[in-house]
Amino acid sequence: MSDPFSCFSVKKPIIAMLHLKGTDAEDVHARAVREFELYRDGGVDAVMVEPYFGTYTQMERMLAYLKEHADG
């Protein structure tokens, strides 16, 4: 198995979690986008997305957003 950290330019990357919480699907997405932007602007190296408070559909929507808007 290859080193999972080899894709990072730093030895100890900061990885943040998006939990997908909100009152409805649009609120969940808007919150996750704002949270992602805060993480990105704050220097986080990567984000993970999980549907602990949300649904798989909401997770897929956020992953599609990240694919389109994230660097790298």
Side-chain angles (χ1 to χ4, degrees):
M1 182 174 168
S2 65
D3 179 10
F5 296 103
S6 64
C7 62
F8 295 101
S9 61
V10 295
K11 185 174 181 178
K12 294 183 179 181
I14 298 171
I15 303 171
M17 180 70 71
L18 296 174
H19 290 94
L20 304 182
K21 188 169 183 178
T23 56
D24 58 34
E26 290 307 313
D27 185 42
V28 167
H29 186 71
R31 286 183 190 210
V33 167
R34 283 192 308 271
E35 191 172 353
F36 164 69
E37 290 171 350
L38 289 170
Y39 288 154
R40 181 195 59 207
D41 296 346
V44 167
D45 298 299
V47 294
M48 296 173 63
V49 183
E50 56 91 15
Y52 185 78
F53 296 107
T55 66
Y56 285 103
T57 301
Q58 292 165 340
M59 182 176 66
E60 289 172 342
R61 182 178 179 193
M62 190 58 197
L63 290 171
Y65 176 89
L66 292 173
K67 183 176 180 181
E68 185 176 335
H69 293 91
D71 298 334

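- With Phe8 as the partner, the side chain to side chain contact (heavy atoms under 4.5 Å, CB included) test is satisfied by one option alone out of Ile14, Asp45, Asp3: Asp45.
- To the nearest 0.5 angstrom, Met62 atom CE is 13.0 Å from Glu50 atom CD.
- Remark: Phe5 CZ is loosely packed, at most 12 non-hydrogen atoms of other residues, nucleotides or ligands lying under 6.0 Å away.
- Using cut-offs of 30° and 60° on the angle between ring planes, the pair Tyr65 and His69 is parallel.
- In plain terms, the two heavy atoms of Leu20 and Pro51 that are nearest each other are CD1-CA, 4.2 Å.
- Between the CG atom in Asp27 and the CD atom in Gln58 there is a gap of 9.5 Å [rounded to 0.5 Å].
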Worked check of side chain to side chain contact (heavy atoms under 4.5 Å, CB included) between Ile15 and Val44: CA-CA 6 Å; Ile15 303 171; Val44 167; 5.9 Å; no
Could you list the donor-acceptor pairs under 3.5 angstrom formed between side-chain atoms of residues 33-40 and any protein atom two or more places apart in sequence or on another chain?
{"residue": "Glu35", "atom": "OE2", "partner": "Tyr39", "partner atom": "OH", "Å": "2.7"}
{"residue": "Tyr39", "atom": "OH", "partner": "Met17", "partner atom": "O", "Å": "3.4"}

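- In this structure, Val47 is not a member of the same hydrophobic cluster as Tyr52, with clusters built from ILVMFWY side-chain heavy atoms closer than 4.5 Å.
- A distance of 6.5 Å separates NE2 in His19 from CZ in Phe53, rounded to the nearest 0.5 Å.
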